[in-house]
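Only this structure's heavy atoms are used, side chains among them; waters, hydrogens and symmetry mates stay out.
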Amino acid sequence: MPLTEGDVLDTLSDSVALGIEFYVDKIHIKGEYLTTVRDHIRAGNILVKGGTQDLAFYDQVTDVLLTQKKSPPANDSDRALLLHECVHAMIDVYDPDGTVTRHMGELAAYLTQTTYSVRKNPSSNRNGTAPWDKFWGDLYATVRANELDTSAGNGVRIPSATLENLRRQRSQRCLL
């Protein structure tokens, strides 16, 4: 049985998720904006469906969030991935004209996912030499360098130039 709408709503009500606030270029990640996604789900404007894959996915064309095929209830790792997809939904709600680039939207989602993970478990990290491990290691380093791992980082603005290394890694390796 895949994760449920309840798992997504619980994620969007999690105090750690709601306490996150920072900017990725012009994208403002903020708990208040994530609650708007929660409200859209409750109103039926964004549908949550159980997925059949290991990863979750948000489709901005259909406004459908597919959850991962994990057994409920969602653990912290599952919630981090759900939060990643909810950032895509948040961007869809707050940027209807599509001025946010796909790359910046993806980096905002990854940084939110990683920030949530580190705030839930301060010792979490990812190391290794494989391209995917390097990308994740650099995400963790970016979160810590900008103090996103604590509330001291709330309000931090991370300009696109700072994220160029992550953008390049993601693009070169097609890390979606």
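Shown here are the side-chain hydrogen bond (donor to acceptor under 3.5 Å, both in side chains) partners of Asn146, two or more places apart in sequence or in another chain: there are none. With sequence neighbours excluded, no residue satisfies ring pair (Phe, Tyr, Trp, His ring centres under 6.0 Å) with Phe22. With sequence neighbours left out, Asp59 forms a salt bridge (charged side-chain N to carboxylate O under 4.0 Å, His left out) with no residue at all. Scanning for salt bridge (charged side-chain N to carboxylate O under 4.0 Å, His left out) contacts around Asp138 gives Lys134, with sequence neighbours left out. Residues satisfying the side-chain hydrogen bond (donor to acceptor under 3.5 Å, both in side chains) test with Thr101, not counting sequence neighbours, are none. Looking at residues two or more places apart in sequence or on another chain, you find a side chain to side chain contact (heavy atoms under 4.5 Å, CB included) between Glu21 and His28, Lys30, Asn154. Every side chain to side chain contact (heavy atoms under 4.5 Å, CB included) that Asp92 has, sequence neighbours left out, goes to Tyr58, Gln60, Asp63. Take Thr4 and apply the side-chain hydrogen bond (donor to acceptor under 3.5 Å, both in side chains) test, not counting sequence neighbours, and it matches Asp7. Listed by chain and residue number, Arg167, Arg168 satisfy the salt bridge (charged side-chain N to carboxylate O under 4.0 Å, His left out) test with Glu164 (two or more places apart in sequence, or in another chain). Every residue meeting the salt bridge (charged side-chain N to carboxylate O under 4.0 Å, His left out) condition with Arg79, not counting sequence neighbours, appears here in chain and number order: Asp14. Every residue two or more places apart in sequence or in another chain that forms a side chain to side chain contact (heavy atoms under 4.5 Å, CB included) with Ala152 is listed here: Glu147, Thr150.
Classified by interplanar angle (parallel below 30°, tilted 30° to 60°, perpendicular above 60°), the ring pair Tyr140/Trp136 is tilted.
Tyr23 and Met104 are assigned to two separate hydrophobic clusters, defined by single-linkage of ILVMFWY side chains at heavy-atom distances under 4.5 Å. Following chains of ILVMFWY side-chain contacts shorter than 4.5 Å, one cannot reach Ile41 starting from Leu18, and the two form parts of different hydrophobic clusters. Hydrophobic clustering places Val93 together with Ile29 (ILVMFWY residues linked when any side-chain heavy atoms are closer than 4.5 Å, directly or through intermediates). In terms of hydrophobic clustering, with Ile, Leu, Val, Met, Phe, Trp and Tyr side chains grouped at heavy-atom distances under 4.5 Å, Phe57 and Leu65 are assigned to different clusters. In terms of hydrophobic clustering, with Ile, Leu, Val, Met, Phe, Trp and Tyr side chains grouped at heavy-atom distances under 4.5 Å, Ile91 and Leu47 are assigned to different clusters.
From His84, atom NE2 reaches atom OG1 of Thr11 across 13.5 Å, with rounding to the nearest 0.5 Å. Rounded to the nearest 0.5 Å, atoms NZ (Lys120) and CG (Asn75) are 10.5 Å apart. The distance from the CD1 atom of Ile20 to the CG atom of Leu148 is 8.5 Å, given to the nearest 0.5 Å. Interatomic distance, OG1 of Thr142 versus CG of Asp149, reported as 11.5 Å (0.5 Å rounding). Within the model, atoms CD of Glu5 and CD1 of Ile46 stand 10.5 Å from one another, a figure rounded to the nearest 0.5 Å. Atom CG of residue Leu139 and atom OG1 of residue Thr114 lie 4.5 Å apart, to the nearest 0.5 angstrom.
Between His88 and Gly105, the shortest heavy-atom distance links the atoms CE1-O, 3.7 Å. Contact between Pro2 and Gly50 at its shortest, heavy atoms only, is CG-CA, 3.4 Å. Summarising the geometry of Ala108 relative to Val87, their closest heavy-atom pair is C-CG1, 4.1 Å, with the distance given to 0.1 Å. In this structure, Leu81 and Ala56 approach most closely via the heavy-atom pair CD2-N, 3.7 Å. The two residues Val37 and Leu12 make their nearest non-hydrogen contact at CG1-CD1, 3.9 Å. Closest approach of Pro73 and Leu3 over heavy atoms only: C-CD2, 4.4 Å.
Put simply, the side chain of Asp95 gets close to the backbone of Val100: a donor and an acceptor are under 3.5 Å apart. No side-chain donor-acceptor contact under 3.5 Å links Gln68 to the backbone of Gln53.
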Checklist entry - Given Glu85 and Val8, is the side-chain contact (heavy atoms from CB on, under 4.5 Å) satisfied, shown in steps? => result CA-CA 10 Å; Glu85 297 308 326; Val8 177; over 6 Å; no
Checklist entry - Step by step, would you call Val156 with Ile158 a side-chain contact (heavy atoms from CB on, under 4.5 Å)? => result CA-CA 6 Å; Val156 164; Ile158 307 172; 4.0 Å; yes
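Residues Asp25 and Leu163 are not in side-chain contact: their nearest non-hydrogen atoms beyond the backbone lie 4.5 Å or more apart. A 4.5 Å side-chain heavy-atom check between Val64 and Leu66 finds at least one atom pair inside the cut-off.
Listed by first and then second residue, the side chain to side chain donor-acceptor pair (under 3.5 Å) pairs that reach into residues 34-49 are Ser13-Arg38, Thr36-Tyr94, His40-Asn45, sequence neighbours excluded.
Residue Asn121 forms a side-chain hydrogen bond (donor to acceptor under 3.5 Å, both in side chains) with just one option from Ser117, Ser124, Ser123, and that option is Ser123.
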